[in-house]
Amino acid sequence: MKLSELIKSIDVLQVIGNSDVEVTDIQFDSRRVATGCLFVAQEGTAVDGHTYIEQCVENGAVAVVLEKEEYIKKNDVCYILVKNSDEALGKIAHYWYGEPSKKLKLVGVTGTNGKTTTATLLYKLFKSLGYKAGLLSTVVNYVNDEAIAATHTTPNALELNALLAKMVETGCTHAFMEVSSHAIAQERVAGLEYAGALFTNLTRDHLDYHKTFDNYRDTKKILFDRLAKESFAITNVDDRNGLVMTQNCRGRVLTYSTHSMADFRGKILEEGFDGMLLRVQSTLGAVNTEVFVPLVGRFNVSNLLLIYGAAVALGEDAMEVLRILSGLQPVNGRFETIRSPKGWTAVIDYAHTPDAVENVLKTINEIVAANVGKQAEPAQVITVVGCGGNRDKGKRPIMAKSAYLLSTQLILTSDNPRDEEPYAILQDMAAGLTEEELRRVLIIEDRASAIKTACTLARQGDVILIAGKGHEDYQIIKGVKHHFDDHEVVKGCL
């Protein structure tokens, strides 16, 4: 493709050199640059791509997109000066791959918790409705039936658009993607056009990157600010930031709630570890009915209302959507239950923020309370939880306190320590508890030992929550990735 054609998709400050050259590839990683390549120099958080421009030119780059004028040299290469290289890469990648988002009904899901469940169940729902569909998620990516490993919640701009283009090529009509705050801030989704955007909720997370909660919130909001007027937005009015998200939205705004007036409303009528009976009401599709779903918890009522609302907003029959939702199984590592022959239940959940841990434990306690009197001794709620290294340290004591207040027995353990000392992370968590509270807490650094201890302590009717890793089958300790799966450890205890 001609460079002059490719750069029509971006806002150019200045072109230095001949743009009438053929581009054979696009790269932002200097190590992958070869002859005929367009190199996009980005100022990253750890490495500045501008410092590798000369090396890329020596390796055959025919053009460079950059935002720092001082790196422009006099040679045969064409320099494209832009205000924001990250945004330019997103838009160039979208154009390079044939603007795939315009050929799909693309729905983006953002928020702190619930993104994976919402996007994954939407994908499964539309597959069950007979469509070819794609999924971009934390757990796994799908191009119709083909599973592709996921390395990030939202891939980089080149990988993202390549996957969307592959979906178009295979005949997909719909695609559902998690949109992380990092992806929005780093403009990985620049240039994409959405049929709809969905907001789950907002609680403290990623402040190691965004620095303040306001920055985190405002970054999420950009997804809705950029929607076209032909699109729709569905937001959670139970969350105090729900209507903030859609303040400047040009698309059609719809709402959902579990306890107030909204376009989509839901209420739990009965609940157990096998699922819950809901009453679902909506203005769109004129529904007022009961439905049993094999998911648990008020947070999942919100997720299901969002899924239902998105499907109806995309033109699907309301009752058919509810019929299929009643048969969809939980996403791997999201309130996933394992029953012991001894009568206790383990719940494996990805909850890795204070709010998520609190929501899951409240659900467990509600179910336990509903079964009071059905066994000789009161049921215990045993929680095993840790915090990831190289992440927001401020949430560690908060998470420990939330877990302590809602558990009979708390065991603090390792999650993914990454480059930090595991015990130092545990000490940060323990700082959220008083000396008296700490006397009733076990601190077991080795995660497998912590889970085994919980299983040993559990009696008939007890519930063990193993939080933080969910679907992950690894631990990163001192920078080294080791195989580790919460499911395997629990099953080993059976």
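The residues of the chain are indexed from 1 along the displayed sequence. Both backbone and side-chain heavy atoms feed into the values below; hydrogens, waters and symmetry mates do not. All of these numbers come straight from a predicted model, not from anything done at the bench.
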Hits for side-chain hydrogen bond (donor to acceptor under 3.5 Å, both in side chains) against Lys481, two or more places apart or cross-chain, chain-then-number order -> none

Check your understanding: Is a side-chain donor-acceptor pair under 3.5 Å present for Glu5 with Tyr95?
Key -> yes

query = Taking 4.0 angstrom as the limit, do Lys91 and Glu87 come out as a salt bridge?
reply = yes

With sequence neighbours left out, the residues meeting salt bridge (charged side-chain N to carboxylate O under 4.0 Å, His left out) with Glu159 are none

Worksheet item: Under a 4.0 Å N-O cut-off, is there an ion pair linking Lys132 with Asp145?
Response: no

Handout entry: Salt bridge Lys83-Asp11, side-chain N to carboxylate O under 4.0 Å
Key = no

Requested in this report: Using distance alone, with no hydrogens and no angle criterion, decide if Lys127 and Asn144 have a side-chain donor and acceptor under 3.5 Å apart.
Outcome: yes

So the ring-ring contact (aromatic ring centres under 6.0 Å, His included) pairs with at least one residue in residues 279-317 (sequence neighbours excluded) are Phe264-Tyr308

In short, Val62 meets Val77 closest at the heavy-atom pair O-CG1, 3.6 Å

Residues at least two apart in sequence or cross-chain that pass side chain to side chain contact (heavy atoms under 4.5 Å, CB included) with Asp419, listed by chain then number, are Asn390

Taking every heavy atom of Leu465 against every heavy atom of Asp349, the minimum-distance pair comes out as CD1-CB, 4.2 Å

Looking at Arg226 and Glu187, is any side-chain nitrogen of the basic one under 4.0 Å from a carboxylate oxygen of the acidic one? yes

Do Ser85 and Glu67 pair up side chain to side chain, a donor and an acceptor below 3.5 Å, judged on atom types alone? yes

Heavy-atom nearest pair, Ser181 first then Thr219, reads O-CG2, 3.3 Å

Closest heavy-atom pair, Glu193 versus Ser101, reported as atoms and distance to 0.1 Å, is N-OG, 2.9 Å

Residues pairing under ring-ring contact (aromatic ring centres under 6.0 Å, His included) where one sits in residues 118-138, two or more places apart or in two chains, turn out to be Tyr123-Tyr142, Phe126-Tyr131, Phe126-His174, Phe126-Phe176, Tyr131-His174

Per side-chain contact (heavy atoms from CB on, under 4.5 Å), Val291 is matched among Leu325, Val280, Val321 by Val280

- Query: Do you see a donor-acceptor pair shorter than 3.5 Å between the side chains of Ser4 and Asp20?
  - Reply: no

Arg188 meets the salt bridge (charged side-chain N to carboxylate O under 4.0 Å, His left out) criterion, sequence neighbours left out, with none

Across all chains, not counting sequence neighbours, the side-chain hydrogen bond (donor to acceptor under 3.5 Å, both in side chains) partners of Asp428 are Arg396

- [ ] Verify the neighbour count for atom CZ of Arg32: are there more than 12 heavy atoms of other residues, nucleotides or ligands below 6.0 Å?
- [x] no

How about Leu66 and Ile80: do any of their side-chain heavy atoms sit closer than 4.5 Å?
-> no

Between Gly90 and Ala157 the two heavy atoms that sit nearest each other are CA-CB, 3.8 Å

With sequence neighbours left out, the residues meeting side-chain hydrogen bond (donor to acceptor under 3.5 Å, both in side chains) with Asn59 are none

Classify the side-chain pair Thr117/Asn303 by whether it contains a donor and acceptor separated by less than 3.5 Å. no

*asked:* Taking atom CD as the centre, does Glu99 end up with more than 12 heavy-atom neighbours from other residues, nucleotides or ligands that are less than 6.0 angstrom away?
replied: yes

Are Leu295 and Leu121 packed together at the side-chain level, in the sense that at least one heavy-atom pair is separated by less than 4.5 angstrom?
yes

* Measure from the ring center of Tyr52 to the ring center of His50 and say whether it is less than 6.0 Å. => no

Item checked: Salt bridge flag under 4.0 Å for residues Lys362 and Glu366 -> no

Validation row: Thr353, Asp392 side chains within 4.5 angstrom (heavy atoms): no

By side chain to side chain contact (heavy atoms under 4.5 Å, CB included), Asp218 pairs with (sequence neighbours left out) none

Of all heavy-atom pairs linking Thr383 and Ala403, the shortest is CG2-CB, 4.2 Å

Check ion pair Lys166-Glu146 (N to O, under 4.0 angstrom): yes

Residue set satisfying side-chain hydrogen bond (donor to acceptor under 3.5 Å, both in side chains) with Glu169, at least two apart, ordered chain then number -> none

Determine, step by step, whether Asn416 and Lys469 satisfy the side-chain hydrogen bond (donor to acceptor under 3.5 Å, both in side chains) criterion, reporting the C-alpha distance in whole Å, the side-chain angles of both residues, the deciding distance to 0.1 Å, and the verdict.
-> CA-CA 8 Å; Asn416 282 327; Lys469 294 186 62 60; 3.0 Å; yes

Sorted by chain and residue number, the side chain to side chain contact (heavy atoms under 4.5 Å, CB included) partners of Ala63 (sequence neighbours excluded) come out as Leu3, Leu38, Cys78

Around Arg217, counting heavy atoms of other residues, nucleotides and ligands shown, do more than 12 lie under 6.0 Å from its CZ?
yes

Discussion item. Could you check whether atom NZ of Lys221 has more than 12 heavy atoms from other residues, nucleotides or ligands sitting under 6.0 Å from it?
Written reply: yes

Residues Arg334 and Thr116: side-chain donor-acceptor under 3.5 angstrom:
yes

By salt bridge (charged side-chain N to carboxylate O under 4.0 Å, His left out), Glu336 pairs with (sequence neighbours left out) none

Checking Glu178 against Thr138 for the side-chain hydrogen bond (donor to acceptor under 3.5 Å, both in side chains) test, could you report, in this order, the C-alpha distance in whole Å, the side-chain angles of both residues, the deciding distance, and whether it holds? CA-CA 7 Å; Glu178 295 184 51; Thr138 303; 2.9 Å; yes

Strictly by modelled atom types, are Thr154 and His182 linked by a side-chain donor-acceptor pair under 3.5 Å?
no

